[in-house]
Structure formats: structure tokens, C-alpha cells
Amino acid sequence: MIALGCDHGGYELKLEIKKYLDEQGIAYKDFGCNSLESTDYPIYAKKVAHAILDGECDKGILICGTGIGISITANKFKGIRAALCSDCFSAEATRLHNDANILAMGGRVVGPGLAVKIVETFLNTPFSGDARHMRRIAQIETE
Ligand code: RB5
């Protein structure tokens, strides 16, 4: 189950992502927002982070205008690894190396065609499981 969240800056791109997920038969839960009305991105980052940490969802996709505010917020949560991606290479690498559990994108940065490819790459790339990457991920959690 994929957790989706966005603010007004990411709302239109989220609709495109939902269309893709529907076509692929990929289950998701949409935590809002639900319109173009101005709202605050931390609300949705927190909902999606909680859904993953509670085990309700396996991965998340967060979208705001730049992807920056919403990923900064999600990364405040221990155990969340939100990767802001604007290209497929990064989306693949962050799954292989960082075992990222949230993909963040900027609705004002990437177009819908590229965004769908980024989502496809992110969802279809497994974590490599390499010891060096596991060691580094463990190090993220300590100060
Ligand atoms: C909203 O205007 C915008 O600030 C927000 O979507 C995001 O880009 C923040 O990082």
C-alpha cells in the first residue's frame, strides 16, 4: 500500500500519479490535500510518515511545490528516509543505496511524464541489501 500526500503545489501532479497507480492496479491511500486551496505541507508529510511507521503503508509519495518542505518534514521522523528526486537515476539509486521509503517530488519542478517514470522506477527498484549500504543506513539513525 502506497501512502500519498501533497499540498496545493503538488495537487495536480498527485492526480497524475493516482491515474498511473490506478492503471497499474497499485493500491494506495490518499492522505490529502484534496484541492488547489492553499494549505500547509507539514500536515501531509506527517500523515504519510505515520502511515509508514505504523505499518499501514510500505512506501509513500509526497509532493509539494518544490518537494523540499515536504521532504524536510518527513525526514524529521526516525525511520523515514524521504528522497527528493527529479530524475530516474536518483530514484533508482536511492532505492538501491538508501532504501528510501518515501519519494518526494516537486509539482512545480517535474512534468507529469517524467514524474510517472520516476514513480515507476522508485516503486520497481528493490533495496540492494549490500552490507555497506545497510551499515550507512544504520548510521543515519544515530547522532
Ligand atoms: C507552497 O507555496 C510551497 O512553498 C510549497 O509547496 C513547497 O514548495 C515548500 O517547500
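Atoms within each ligand, like the ligands themselves, are counted from 1 in listed order.
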Pairs under 3.5 Å, N/O atoms on ligand 1 and on the protein: can you put them in a table with the distances?
residue: ligand 1; atom: 2 (O); partner: Arg108; partner atom: NH1; Å: 3.3
residue: ligand 1; atom: 6 (O); partner: Asp7; partner atom: OD1; Å: 3.4
residue: ligand 1; atom: 6 (O); partner: Asp7; partner atom: OD2; Å: 2.6
residue: ligand 1; atom: 6 (O); partner: Gly65; partner atom: N; Å: 2.7
residue: ligand 1; atom: 8 (O); partner: Gly65; partner atom: N; Å: 3.4
residue: ligand 1; atom: 8 (O); partner: Thr66; partner atom: N; Å: 3.0
residue: ligand 1; atom: 8 (O); partner: Thr66; partner atom: OG1; Å: 3.1
residue: ligand 1; atom: 10 (O); partner: Thr66; partner atom: OG1; Å: 3.2
residue: ligand 1; atom: 10 (O); partner: Gly69; partner atom: N; Å: 2.9

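Salt-bridge check for Asp99 with Arg95: passed, with a basic side-chain N closer than 4.0 Å to an acidic carboxylate O.
Heavy atoms of other residues, nucleotides or ligands lying less than 6.0 angstrom from NZ of Lys29 number 12 at most.
Judged as a side chain to side chain donor-acceptor pair (under 3.5 Å), the pairs with a partner in residues 39-53 (not counting sequence neighbours) are, in order, Thr39-Tyr44.
Apart from Leu36 itself, the hydrophobic cluster it occupies contains Tyr11, Leu15, where clustering links Ile, Leu, Val, Met, Phe, Trp and Tyr at side-chain heavy-atom distances under 4.5 Å.
The line from CG of Leu103 to CG of Leu123 is 7.5 Å long, rounded to the nearest 0.5 Å.
Tyr28 meets the ring pair (Phe, Tyr, Trp, His ring centres under 6.0 Å) test with no other residue; sequence neighbours excluded.
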